[in-house]
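Report on one structure; see the data block that follows.
Treat the numbers as computed from the prediction; the structure is a model and nothing was measured. A, B, ... follow the sequence lines: proteins, then strands. Residue 1 opens every chain. The figures here come from the full heavy-atom set of this structure, side chains too, leaving out hydrogens, waters and symmetry mates.
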Amino acid sequence: MTFDHISVIGFAGPGMDTDTTPLRDPTPDSTPERLIARIAESRDRDAYALLFTRFAPKLKAFVMGQGLSAQEAEDLAQDAMLNVWRKAHLFDPAKATAVTWIYSIARNLRIDAARKAKRVRDLPDDLWQGEGEKPADQEMIDHQSAQSISVLIGALPPDQQTVLKMSFYEDLSHGDIAKALSLPLGTVKSRLRLALARLKTGLSAPGGRA
Amino acid sequence: MTHSARVHPPEDLLWDYHRGRLSPGMRLTVRTHTDLCPQCRSELRLFDAIGGALLEDVEGVAMSDNALDLALARIERPEEPESSATVTHPGFLDGFDLPESLKAADIPGRYWVAPGVWMAPVRFDEDSRGTKTYLMFVKKGMVMPEHTHRGREITLMLKGTFNDQNGSYGRGDFVLCDETIQHSPAVSADEDCLCLVAQEGLILPKTWLGKLLQPFARI
């Protein structure tokens, strides 16, 4: 692996033929954002297959971590990706990265599935779609990249990272986290508050956006 | 939408909204607040952006062998038209500037609980036992005697203002009351008041509010 790493750095530029892992080192035409655009523009099935191969396993892993069975998680990943196909025309890369948009689709599906037994009908909570935009929304996290948020999360103090990751990966309430870590609720809340504040500051700082 | 909300849902409630764990009534109040509050919408977008970044970081779990074939087959099937459920939208709401969340809510009718005061329950398809959710209209200048609350109660202001010992609340404000809060809210003398209320815990009889609300002059 060391050799591959060196060879990539040394000789292979983006888009070169030697680039055999286009999904990990995307050429301009196969970034997730571009793949979604290709689906929207021309119902591009190859683009969909690439997107599916890249994100369905992650979606499956993510919701399994939140407590779904392997089968439920597989179904949810399938449904989420189907929604990506159907809603591709609504994706606006100026507002969200592809992975953020995909996460929000999966989150809404997961919530709907949990309520399905109760025959609920609710408004889709699509914060990221092209319509209904209000300028004031634009203030903070436009154009942010998942990459830069990931870096910012990695730079948080470990205590803050822990509560943040437990929130998302394990789908826990603040009270659940307090119990799990034997911490006062106020401590959990303040750690999360500090973490969110740092992320916001980082995203609005020059260079904090991609 | 010139007025921006000043009073916001507590962070744990916003988080539970994001992950879909609020009761229907609570969810509707938070949703309605975010319709009116760019700041909280922005907070929810931050949650999605964090979730996206964490999703990107996850090591995938292999899908089953035929998953891609299935996915490619499913996209060829015609999309079922989304069932547009019929929502009752009675005429008495016509004059109000309602956020999208409430335009889509099922509000079959209203009843008058006192002169100048009506309530219009919100109906949910799912089990909403334990929470009572309604729109409440109060004519300008009414005041409630000092009282406290049994369980959590959210008042989401849609029109007009009310004041109590803790401050003044206007459109979009998310006012959370519980057992610890004792107050005697008064509706502004200048403007009628419309709010969305979600009450957890004790369900009070229909006439309770009417008995409490009195024209300001008579107090």
Side-chain angles (χ1 to χ4, degrees), chain A residues 45 48-49 52-53 56-62 64-65 70 73-74 77-78 81-82 85-86 96-97 99-104 107 110-111 114-115 118-121 123 125 127-128 134 136-137 139-141 144 146 149-150 153 164-165 167-169 171 173-175 189 192-193 196 199-200, chain B residues 1 4 10-12 15-21 24 27-28 31 34 37-39 41-64 67-68 70-72 74-77 79 82-85 87 100-101 103-106 124-128:
Chain A
R45 284 151 179 84
Y48 183 66
F52 186 91
T53 306
K58 285 183 185 291
L59 287 168
K60 182 176 176 181
F62 195 94
M64 279 178 75
E74 174 117 2
Q78 281 280 1
M81 293 310 296
L82 182 61
W85 170 266
R86 288 179 175 168
T97 60
V99 68
T100 291
W101 187 63
I102 292 170
Y103 166 85
S104 76
R107 179 178 60 78
R110 169 121 206 264
I111 293 170
R115 294 182 198 145
K118 302 162 184 167
R119 292 189 308 111
V120 63
R121 179 189 167 279
L123 280 177
D125 182 14
L127 290 159
W128 297 103
K134 289 148 189 152
D137 287 15
E139 52 195 28
M140 190 178 57
I141 42 178
Q144 98 292 11
I149 293 192
S150 188
I153 292 171
L164 193 70
K165 287 185 177 175
S167 300
F168 282 86
Y169 282 145
D171 187 23
S173 72
H174 298 180
K189 286 188 181 184
L192 283 166
R193 200 178 304 139
L196 293 176
L199 296 180
K200 277 184 226 171
Chain B
M1 216 86 53
S4 251
E11 53 220 321
D12 49 349
W15 171 247
D16 288 342
Y17 173 78
H18 170 84
R19 61 194 201 100
R21 298 304 179 94
R27 183 170 71 241
L28 183 63
R31 169 68 200 242
T34 59
C37 178
Q39 185 183 327
R41 272 204 305 279
S42 180
E43 196 81 3
L44 290 173
R45 289 183 178 216
L46 178 62
F47 290 161
D48 272 348
I50 295 168
L54 292 175
L55 174 64
E56 183 77 271
D57 285 348
V58 156
E59 192 73 35
V61 169
M63 297 285 282
S64 49
L68 181 58
L70 175 61
L72 289 170
R74 285 181 84 193
I75 61 177
E76 305 301 335
R77 292 180 205 153
E79 194 170 343
E82 283 188 26
S83 58
S84 51
V87 165
E100 291 303 315
S101 61
K103 286 182 189 159
D106 191 5
F124 297 98
D125 284 351
E126 69 195 286
D127 187 356
S128 57

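Comparing A:Gly65, A:Ala77, A:Gly175, A:Ser167 by heavy-atom pairs within less than 4.5 Å of chain B, the highest count is held by A:Ser167. The most heavy-atom pairs under 4.5 Å with chain B, out of A:Ile153, A:Leu59, A:Leu196, come from A:Leu196. Comparing B:Gly60, B:Gly20, B:Gly51 by how many heavy-atom pairs each has under 4.5 Å with chain A, the most go to B:Gly51. Of all the listed residues (B:Leu72, B:Asp57, B:Thr34, B:Ile50), the one sharing the greatest number of non-hydrogen pairs under 4.5 Å with chain A is B:Ile50. Counting heavy-atom pairs closer than 4.5 Å to chain A, the top residue among B:Pro24, B:Ala62, B:Pro10 is B:Ala62.
Contacts between B:Ala67 and chain A at a heavy-atom distance below 4.5 Å involve backbone atoms as well as side-chain atoms. Proximity to chain B is absent for every atom of A:Leu192, based on heavy atoms less than 4.5 angstrom apart. Proximity to chain B involves both the backbone and the side chain of A:Phe168, based on heavy atoms less than 4.5 angstrom apart. B:Arg19 touches chain A through backbone and side chain together, each having a heavy atom under 4.5 Å away.
Side-chain contact between A:Met81 and A:Tyr48 is present, with heavy atoms from C-beta onward closer than 4.5 Å. Proximity of A:Asp171 to A:Arg110: side-chain heavy atoms (C-beta onward) are separated by under 4.5 Å at one or more points. Residues A:Glu74 and B:Ser64 meet the side-chain proximity criterion, which asks for heavy atoms closer than 4.5 Å. Side-chain contact between A:Gln78 and B:Met63 is present, with at least one heavy-atom pair separated by less than 4.5 Å. Proximity of A:Tyr103 to B:Leu54: side-chain heavy atoms (C-beta onward) are nowhere separated by under 4.5 Å.
A salt bridge is defined here as a Lys NZ or Arg NE, NH1 or NH2 lying under 4.0 Å from an Asp or Glu carboxylate O, and A:Lys200 with B:Glu43 meets this definition.
Judged by distance alone, the side chains of A:Ser173 and B:Asp16 never bring a donor and an acceptor atom under 3.5 Å apart.
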